[in-house]
Q: 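Please read through the structure below; I'll follow up with questions.
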Protein chains: 2
Amino acid sequence: MRQGDSIGRFSLAQGHPWVAVDVVVFTLSQATLQALLVQVKDGPFAGKWAFPGGLVGAEESLDQAAERELRERTGVQEAHLEQLYTFGKPERDPMSRVVSVSYLALIPVQGITPNAASKYADIRWFRADRLPRLAYDHDQVTRLALQRLRAKLQYTNIVYSLMPSEFTLGELQEVYETILQRPLDRRNFRKRILALGLLKQLKKKRRGTHRPASLYAFIRRRPMIIEMV
Amino acid sequence: MRQGDSIGRFSLAQGHPWVAVDVVVFTLSQATLQALLVQVKDGPFAGKWAFPGGLVGAEESLDQAAERELRERTGVQEAHLEQLYTFGKPERDPMSRVVSVSYLALIPVQGITPNAASKYADIRWFRADRLPRLAYDHDQVTRLALQRLRAKLQYTNIVYSLMPSEFTLGELQEVYETILQRPLDRRNFRKRILALGLLKQLKKKRRGTHRPASLYAFIRRRPMIIEMV
DNA sequence: CCAAAAGTGTTGGTCTTACACCCATGC
DNA sequence: GCATGGGTGTAAGACCAACACTTTTGG
């Protein structure tokens with residue numbers, strides 16, 4: 001397989017594709033799940049929307065390339081970032097052979113102003129349930145990303161990566177309901193999530209328009225397997 | 001990201017890695033899970049064992065490259081084949097930058113004689129729980145493959161890809177116990193698996209050394225999500 | 001007739017779901 | 001004082017885990 005013999009023996013038959021990463025960045029805003037899209041500048045997909053991405057640098061790991069892309073578009077340094085799937089059909093990009101490793105990034109609720117730089121014609125947030133038809137095979141990437149997010153919400157604690165440092169149980173429940181697209185029973189939700197022991201109740205209260213709600217925070221902000229929802 | 005601008009703008013900074021697939025082939029034999037390993041011929045890992053793999057051809061999708069590698073080593077045409085994960089640290093292969101997409105292949109119990117061709121020094125089956133230290137980052141690939149297999153055994157019907165066309169419930173249970181590495185209660189196992197409605201009972205019996213057992217077959221041999229074990 | 005695997009139901013405990021009322025605040 | 005979200009417990013049903021004896025064959 002490797003160079004020693006393979007590249008010697010196969011270099012003519014073997015393609016030498018470009019390797020790129022594409023990053024599906026999700027966040028929550030106005031109680032909806034939002035995805036970050038860029039407008040492609042050149043090539044046959046010019047004008048179409050797609051997930052931001054870019055070629056992997058010579059000295060860079062795939063994870064680092066994804067982190068860099070996330071940072072360049074959003075300024076976000078710390079986020080949940082995980083590999084999704086690798087797409088490599090020869091015809092997926094009509095201009096040249098590009099094998100693309102897709103990543104899922106989750107960033108906390110906040111007003112992030114994305115940066116297109118000169119690389120893209122435009123960049124902005126779209127409601128995840130109302131994305132336009134995307135360039136390349138990115139519609140498939142969307143399905144995968146949503147599927148993975150919904151699945152992981154239910155057996156891991158990754159929701160922490162979408163939450164601000166302090167939140168009420170009502171807000172947390174709303175996040176679950178938004179992503180899973182189904183209502184949850186408030187009493188059962190509170191029982192379950194508190195029983196997991198992942199949250200600490202803060203002394204503070206959120207004083208809003210109505211009865212103040214207790215604020216909570218995650219005790220640890222790192223990925224764990226749990227059984228939630 | 002794509003060539004239009006990116007390759008123009010970034011081609012010096014961006015590496016142009018080789019893209020390979022590596023295939024973890026599992027089968028069952030003598031009531032143990034077996035993995036197919038090849039012995040590397042050249043380069044810094046010469047003499048070490050690794051999973052079979054190879055560069056992706058210019059006209060080939062990643063899936064096709066994995067299928068081809070499986071076919072070349074085992075002659076098997078039809079198998080469960082799924083992408084696992086993509087590894088791409090710059091230093092993972094000391095000779096040159098290789099991004100490797102790993103695949104999991106499951107083939108039915110049977111006496112397959114693997115074929116090293118001239119590509120490898122040797123090829124043979126190893127017990128999955130007693131693999132030697134592997135070349136490249138393949139120890140990581142092993143962990144992932146076993147993890148994925150165990151997980152999927154529990155919420156999909158992929159076990160069909162490891163079974164011959166006819167089998168007894170005892171044999172099926174033995175497969176689950178082998179892979180999950182824990183004993184299962186016979187009555188509960190039979191109740192559950194029959195309740196799923198995925199099996200049909202054949203008229204035939206397996207006549208062995210003791211009381212004959214009813215033979216079963218999968219009604220459909222294609223992947224489905226279920227809730228098993 | 002003995003050894004070995006096949007075949008078969010019931011019960012107790014746990015987990016999950018459904019459900020309704022009072023509370024604290026802002027306006 | 002009313003509208004709004006916050007906060008709380010219980011009961012019924014579903015699901016799961018544990019468990020032992022009889023049957024059929026080969027040798």
Side-chain angles (χ1 to χ4, degrees), chain A residues 28 30-32 109 150-151 153-156 159 163-164 166-178 180-217 225-229, chain B residues 28 30-32 109 150-151 153-156 159 163-164 166-178 180-217 225-229:
Chain A
L28 283 155
Q30 299 139 47
T32 58
V109 194
R150 290 194 179 117
L153 210 56
Q154 304 186 52
Y155 69 91
T156 75
V159 71
M163 301 300 294
E166 302 181 345
F167 49 87
T168 67
L169 291 187
E171 290 160 357
L172 184 60
Q173 183 176 344
E174 199 182 18
V175 170
Y176 271 92
E177 290 179 335
T178 299
L180 300 180
Q181 298 181 295
R182 62 187 161 97
L184 300 173
D185 178 87
R186 189 158 82 251
R187 279 170 292 193
N188 294 337
F189 179 82
R190 298 168 78 94
K191 251 179 293 178
R192 281 252 270 278
I193 201 125
L194 291 176
L196 291 172
L198 301 174
L199 300 181
K200 54 171 179 260
Q201 185 169 8
L202 305 177
K203 301 254 175 337
K204 293 184 265 182
K205 303 258 174 190
R206 157 99 13 112
R207 305 189 68 81
T209 51
H210 300 294
R211 175 174 175 176
S214 225
L215 286 171
Y216 288 80
I225 304 293
I226 57 165
E227 203 52 64
M228 188 53 227
V229 188
Chain B
L28 284 154
Q30 299 139 46
T32 58
V109 194
R150 292 195 178 115
L153 210 56
Q154 304 186 55
Y155 69 90
T156 75
V159 72
M163 301 301 292
E166 303 181 345
F167 50 87
T168 67
L169 292 186
E171 290 160 358
L172 184 60
Q173 182 177 344
E174 199 182 17
V175 170
Y176 271 90
E177 290 178 335
T178 300
L180 299 179
Q181 297 182 293
R182 62 188 160 96
L184 301 173
D185 178 87
R186 189 160 80 250
R187 278 171 291 194
N188 293 337
F189 179 81
R190 297 167 79 94
K191 250 179 294 179
R192 282 250 271 275
I193 201 126
L194 292 175
L196 291 172
L198 302 174
L199 299 181
K200 54 171 180 261
Q201 186 170 7
L202 304 178
K203 301 252 176 336
K204 293 182 266 183
K205 304 257 173 187
R206 158 107 3 121
R207 305 189 68 82
T209 51
H210 300 294
R211 176 174 176 176
S214 225
L215 286 171
Y216 288 80
I225 303 292
I226 57 163
E227 202 53 65
M228 188 55 227
V229 186

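These figures come from a predicted structure and were not determined experimentally. Below, chains carry the letters A, B, ... as their sequence lines are ordered, and counting in each starts from 1.
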Q: Atom NZ of Lys205(B) to atom P of dT24(D): distance rounded to whole Å?
A: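 Checked: the NZ to P distance equals 10 Å.
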Q: Rounded to the nearest Å, what distance is computed from the CD atom of residue Gln201(A) to the P atom of nucleotide dG6(D)?
A: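 One finds 14 Å between P of dG6(D) and CD of Gln201(A), rounded.
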Q: With a 4.0 Å cutoff (strictly under), does any side-chain N or O of Arg187(A) reach OP1 or OP2 of dC21(C)?
A: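 No, because none of the side-chain N or O atoms of Arg187(A) sits under 4.0 Å from OP1 or OP2 of dC21(C).
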Q: Quick one: is dG7(D) close enough that its OP1 or OP2 comes under 4.0 Å of any side-chain N or O from Arg190(A)?
A: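 Yes, such a contact exists.
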Q: Over how many whole Å does the gap from His210(A) atom NE2 to dG1(D) atom P extend?
A: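 Computing the His210(A):NE2 to dG1(D):P distance gives 18 Å.
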Q: How close or far is atom P of dT8(D) from atom CD of Gln173(A), stated in whole angstroms?
A: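 Rounded to whole Å, this separation is 14 Å.
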Q: If you round to the nearest 0.5 Å, how far is CZ of Arg206(A) from CD of Glu166(A)?
A: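 The CZ atom of Arg206(A) is 7.5 Å from CD of Glu166(A), to the nearest 0.5 Å.
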Q: Can you measure Phe189(A) atom CZ to dG9(D) atom P for me and round it to whole angstrom units?
A: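 Value for this atom pair: 18 Å.
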Q: Could you grab the distance from atom CD of Glu171(B) to atom OH of Tyr216(B), nearest 0.5 Å is fine?
A: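 Result: 12.5 Å between the selected atoms.
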Q: So, does Arg211(B) get its side chain near the phosphate of dG26(D), meaning an N or O under 4.0 Å from OP1 or OP2?
A: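 No.
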Q: Determine whether a donor-acceptor pair (N or O, by modelled atom type, separation under 3.5 Å) exists between the side chain of Gln173(B) and the backbone of Leu184(B).
A: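 Checked: pair present.
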Q: Side chain of Thr168(B): nearest nucleotide among dA18(C), dA6(C), dT25(D)?
A: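 Nearest listed nucleotide: dA6(C).
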Q: What's the spacing between Arg187(B) CZ and Lys191(B) NZ if we round to 0.5 Å?
A: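 Going from the CZ atom of Arg187(B) to the NZ atom of Lys191(B) covers 7.5 Å.
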Q: When we call it a touch if two heavy atoms are under 4.0 Å apart, what does Arg206(B) touch: a base, just sugar-phosphate, or nothing?
A: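 Here Arg206(B) touches no strand at all.
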Q: If you only use heavy atoms from C-beta on, which nucleotide in dT24(D), dA18(C), dA17(D) is closest to the side chain of Lys191(A)?
A: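 Of dT24(D), dA18(C), dA17(D), dA18(C) is nearest to the side chain of Lys191(A).
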Q: Using whole Å, report how far CD of Glu171(A) lies from C1' of dT4(D).
A: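 Nearest whole value for this atom pair: 15 Å.
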Q: Taking only the side-chain heavy atoms of Arg186(A) (C-beta and beyond), determine which of dT10(D), dG7(C), dG7(D) contains the nearest atom.
A: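 So the nucleotide nearest the side chain must be dG7(D).
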Q: Using a 6.0 Å cut-off, check whether atom NZ of Lys200(A) has over 12 heavy atoms from anything other than its own residue.
A: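 Counting neighbours around NZ of Lys200(A), more than 12 heavy atoms of other residues, nucleotides or ligands fall under 6.0 Å, so yes.
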Q: Using the side-chain heavy atoms of Asn188(A), tell me which of these nucleotides is nearest: dC19(C), dG7(D), dT24(D).
A: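 Nearest listed nucleotide: dC19(C).
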Q: Could you tell me the separation between the CG atom of Leu194(A) and the C1' atom of dG9(D), rounded to a whole number of Å?
A: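 Distance check: Leu194(A) CG to dG9(D) C1' gives 15 Å.
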Q: Whole-Å distance between dG27(D) P and Arg207(B) CZ?
A: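 These atoms are roughly 11 Å apart.
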Q: Give the nucleotide from the list dT8(D), dG7(C), dC19(D) with an atom nearest to the side chain of Asp185(B).
A: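 Among dT8(D), dG7(C), dC19(D), the one nearest the side chain of Asp185(B) is dC19(D).
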